[in-house]
Amino acid sequence: MSKEKPSIPKGTRDFGPQVVVKRNYIFSTIRKTFEKFGYQPLETPAMENLSVLTGKYGEEGDQLIFKILNSGDYLTKTTATDYEAGSKNLLRKISEKALRYDLTVPFARFVVMNRNEISFPFKRYQIQPVWRADRPQRGRYREFYQCDADVVGTRSLLCEAEIVLMMDEVLSNLGITDFTIKINHRGILAGIAEAIGQKGREAEICVAIDKLDKIGLEGVQKELLERGITAESISALEPILNIAGDNTSILNALTEILKDSEEGQRGLSQIQEVFAYLKNFQIKNANVSLDIALARGLSYYTGCIFEVKVNNANMGSISGGGRYDNLTGMFGLPDVSGVGFSFGVDRIYDVMEELNLFPASGQTITKLLIINFDKASEQYSLPLLQQFRQGNIATELYPEAAKLKKQMTYADQKKIPFVLLVGSEEMQTGILQLKNMQTGEQQALRAEEIISILQQQ
RNA sequence: GUGGUUGUAGCUCAGUCGGUUAGAGCACCAGAUUGUGAUUCUGGGGGUCGUGGGUUCGAGCCCCAUCUUCCACCCCA
């Protein structure tokens, strides 16, 4: 018998009861908002065919996909030449399935496969785990949940505006108040590249300027130089990166800079339209800010892009998204435009823990514990137990006649707010002792009174 | 994937130059208290020092490997 110490894979976690309760609070807050905005639920399998996923996230992304080994004796279907051809070639022979990497690509696959049943515009939300073979760090896990909401089949920028509203509503409802929704547009980024004489190279430029926050202007310039951008272009970029002020003044400055770029004009007018929509809505807490240094990695974005940063917490973005014009094109269905975004629950959890935002009241499940004195009191309590539950009060009867101290400790640790004492006196009179565990106060009451008191809690 | 970092009781951490029996606080269990938890007092249980090798008379401490943690890249929720 080996006494192997059990363990879980790197970057994965168990969630104990207390944690699950808090996570469910976040999930239900998000779900409520998604549904309020008319999004419908969707679930897809944990695993996809590998061919569905490869090539959708760039070469880097492909390496981060968890592949699933074929079942059976997978080696019998390979030859020595496959082996010699290298791991990339061998992979195709021994793995044909993989764990999903995000929720957007499986959604695109679903849309294509069900295009005849779906009526467009199709709004769906999806809350499921995804897996990435990344190296774990703070706020970075190998298994984590995404909460996506996407709408496909419309180009209306109302959807973009509503994404801002949903981000604002969810985070505000969770008690997060100091956060910034950064917004930018791929067209603006393309226009900037054009304006500094580097048309078509915006991908490289974006990767560099996305780091402006982190490495500063000089760092960006150095990186651009290393990427082979000319010094003239870099100095032309400097005043653009230095544009500051409120959204209106940034837009004004950009209008001048991008006046010769068709792509830039498209980006500007769309951003302006989104802002115009937003003027008709009330924003609760979000600081919506046009940020030309926001680029985002995923290459499939073509229009507006979003990212949310909590200002007083040490955490990367907790939500992000954007518009993609051709996601379903990869699966043979062109010209379906979509826009979507995602909340990272695990990061939101960490932020809320850091900022102490979980309400204490929401963390209890059982409302009432009936103390078990002896066989007679247990017998007497059984109908009571059911009566309380029928009154929709989460109640448990301690399953054995343990010492009072042990039962009280149990209630205390499980954060059960009320305890009911049913001893010999109480059984005779029918007047029961209800103890409030927070205040320590005790009241003598009939069962019906207890139900109506607890129902109001 | 690259470079670094961490691991000692359930948790947070001490542990001197390599030296004999590895400590503290919190938590846990029992008693003080046979109908009252969270506060107080008393006592108690708990460790293959991440794992596997090596150096040494002797290793928690030094060396190698491996796993894990955290951090910086890359990238990203």
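Note that the coordinates shown come from a computational prediction; the quantities given were computed from them, not determined experimentally. Quick note on labels: first sequence line is chain A, next is B, and so on, each numbered from 1.
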Review point. Thinking salt bridges, do A:Arg227 and A:Glu223 make one under a 4.0 Å N-O criterion?
Key: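 So A:Arg227 pairs with A:Glu223 through a salt bridge.
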Exercise for review: Give a yes or no on whether a donor-acceptor pair under 3.5 Å exists between the nucleobase atoms of B:rG37, that is its base, and the side chain of A:Gln438.
Suggested key: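 Flag unset: no donor-acceptor pair detected.
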Review point. On a plain distance test, is the side chain of A:Gln407 in donor-acceptor contact with the base of B:rU36 below 3.5 Å?
Key: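 Result: no qualifying N/O pair found.
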**Study point:** Whichever of A:Arg135 and A:Tyr145 has its nearest RNA chain B nucleotide further upstream toward 5'
**Key:**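 On the 5' side of the pair lies A:Arg135.
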**Study point:** 5' precedence on RNA chain B between A:Lys211 and A:Gln63 (nearest-nucleotide basis)
**Key:** A:Gln63
Using a heavy-atom cut-off of under 4.0 Å over every strand shown, decide if [X] touches base, sugar-phosphate, or nothing.
X: A:Gly440; value: base
X: A:Gly139; value: base
X: A:Thr409; value: sugar-phosphate
X: A:Tyr141; value: base
X: A:Gly320; value: nothing
X: A:Glu426; value: base
X: A:Gly321; value: nothing
X: A:Ile318; value: sugar-phosphate
X: A:Val345; value: nothing

Exercise for review: Not counting sequence neighbours, which residues clear side chain to side chain contact (heavy atoms under 4.5 Å, CB included) with A:Leu217? List them please.
Suggested key: A:Leu212, A:Gln221, A:Glu238, A:Leu241, A:Asn242
Practice item. Quick one: list whatever passes side chain to side chain contact (heavy atoms under 4.5 Å, CB included) with A:Met352, sequence neighbours left out. Key: A:Tyr25, A:Ile26, A:Leu174, A:Ile176, A:Ile348, A:Leu357, A:Phe358
How far does the [atom1] atom of [N] sit from the matching atom of [M], given to the nearest Å?
N: B:rG47; M: B:rC28; atom1: C1'; value: 16 Å
N: B:rG53; M: B:rG3; atom1: P; value: 27 Å
N: B:rU39; M: B:rG35; atom1: P; value: 22 Å
N: B:rC63; M: B:rC70; atom1: P; value: 24 Å
N: B:rC49; M: B:rA59; atom1: P; value: 12 Å
N: B:rA22; M: B:rC61; atom1: P; value: 14 Å
N: B:rU8; M: B:rC13; atom1: P; value: 9 Å

Shortest side-chain distance from [X], nucleotide among [options]:
X: A:Met437; options: B:rG37, B:rC74, B:rG35; answer: B:rG37
X: A:Lys405; options: B:rC70, B:rU36, B:rG37; answer: B:rG37
X: A:Gln137; options: B:rC73, B:rA77, B:rG37; answer: B:rC73
X: A:Lys214; options: B:rG35, B:rC73, B:rC28; answer: B:rC73
X: A:Ser317; options: B:rA77, B:rG35, B:rC74; answer: B:rA77
X: A:Glu223; options: B:rG37, B:rG31, B:rC74; answer: B:rC74
X: A:Arg138; options: B:rA77, B:rG35, B:rC70; answer: B:rC70

Nearest whole angstrom, please: distance from the [atom2] of [N] to the [atom1] of [X].
X: A:Phe306; N: B:rA77; atom1: CZ; atom2: P; result: 14 Å
X: A:Leu294; N: B:rC76; atom1: CG; atom2: C1'; result: 13 Å
X: A:Tyr57; N: B:rA77; atom1: OH; atom2: C1'; result: 13 Å
X: A:Asp134; N: B:rU69; atom1: CG; atom2: P; result: 13 Å
X: A:Phe341; N: B:rA77; atom1: CZ; atom2: P; result: 14 Å
X: A:Glu59; N: B:rC74; atom1: CD; atom2: P; result: 17 Å
X: A:Asp14; N: B:rC11; atom1: CG; atom2: C1'; result: 17 Å
X: A:Phe418; N: B:rG37; atom1: CZ; atom2: C1'; result: 15 Å

Review point. Are side-chain heavy atoms of A:Phe306 and A:Met167 found at a separation under 4.5 Å?
Key: yes
Revision key, fill the gap. Given Watson-Crick and G-U pairs under 3.5 Å, RNA chain B in dot-bracket ([ ] crossing, | other strand) is ((((..(..((((.....[...)))).(((((.......))))).....(((((..]....))))))..))))....
Review point. Crowded around A:Lys93 NZ? As in, over 12 foreign heavy atoms under 6.0 Å?
Key: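 At most 12 heavy atoms, drawn from other residues, nucleotides or ligands, come within 6.0 Å of this atom.
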**Study point:** Centroid-centroid under 6.0 Å between A:Phe27 and A:Tyr145 rings
**Key:**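 Centroid distance A:Phe27-A:Tyr145: below 6.0 Å, so yes.
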Exercise for review: Report yes if the distance between the aromatic ring centroids of A:Tyr125 and A:Phe34 is under 6.0 Å, otherwise no.
Suggested key: yes
Point to revise | Any donor-acceptor pair under 3.5 Å from A:Asp178 side chain to A:Asn311 backbone | key: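 Such a contact is absent between A:Asp178 side chain and A:Asn311 backbone.
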Exercise for review: Establish, from distance only, whether the side-chain atoms of A:Asn372 and A:Glu378 form a donor-acceptor pair under 3.5 Å.
Suggested key: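 Side chains of A:Asn372 and A:Glu378: pair found under 3.5 Å.
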Practice item. Return yes if a side-chain donor-acceptor contact under 3.5 Å exists between A:Asp102 and A:Tyr57, otherwise no. Key: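 Yes, because at least one side-chain N or O of A:Asp102 sits under 3.5 Å from a partner of the opposite role on A:Tyr57.
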Review point. Does A:Lys403 put a side-chain nitrogen or oxygen below 4.0 Å from OP1 or OP2 of B:rG31?
Key: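 Yes, A:Lys403 has a side-chain N/O under 4.0 Å of OP1/OP2 on B:rG31.
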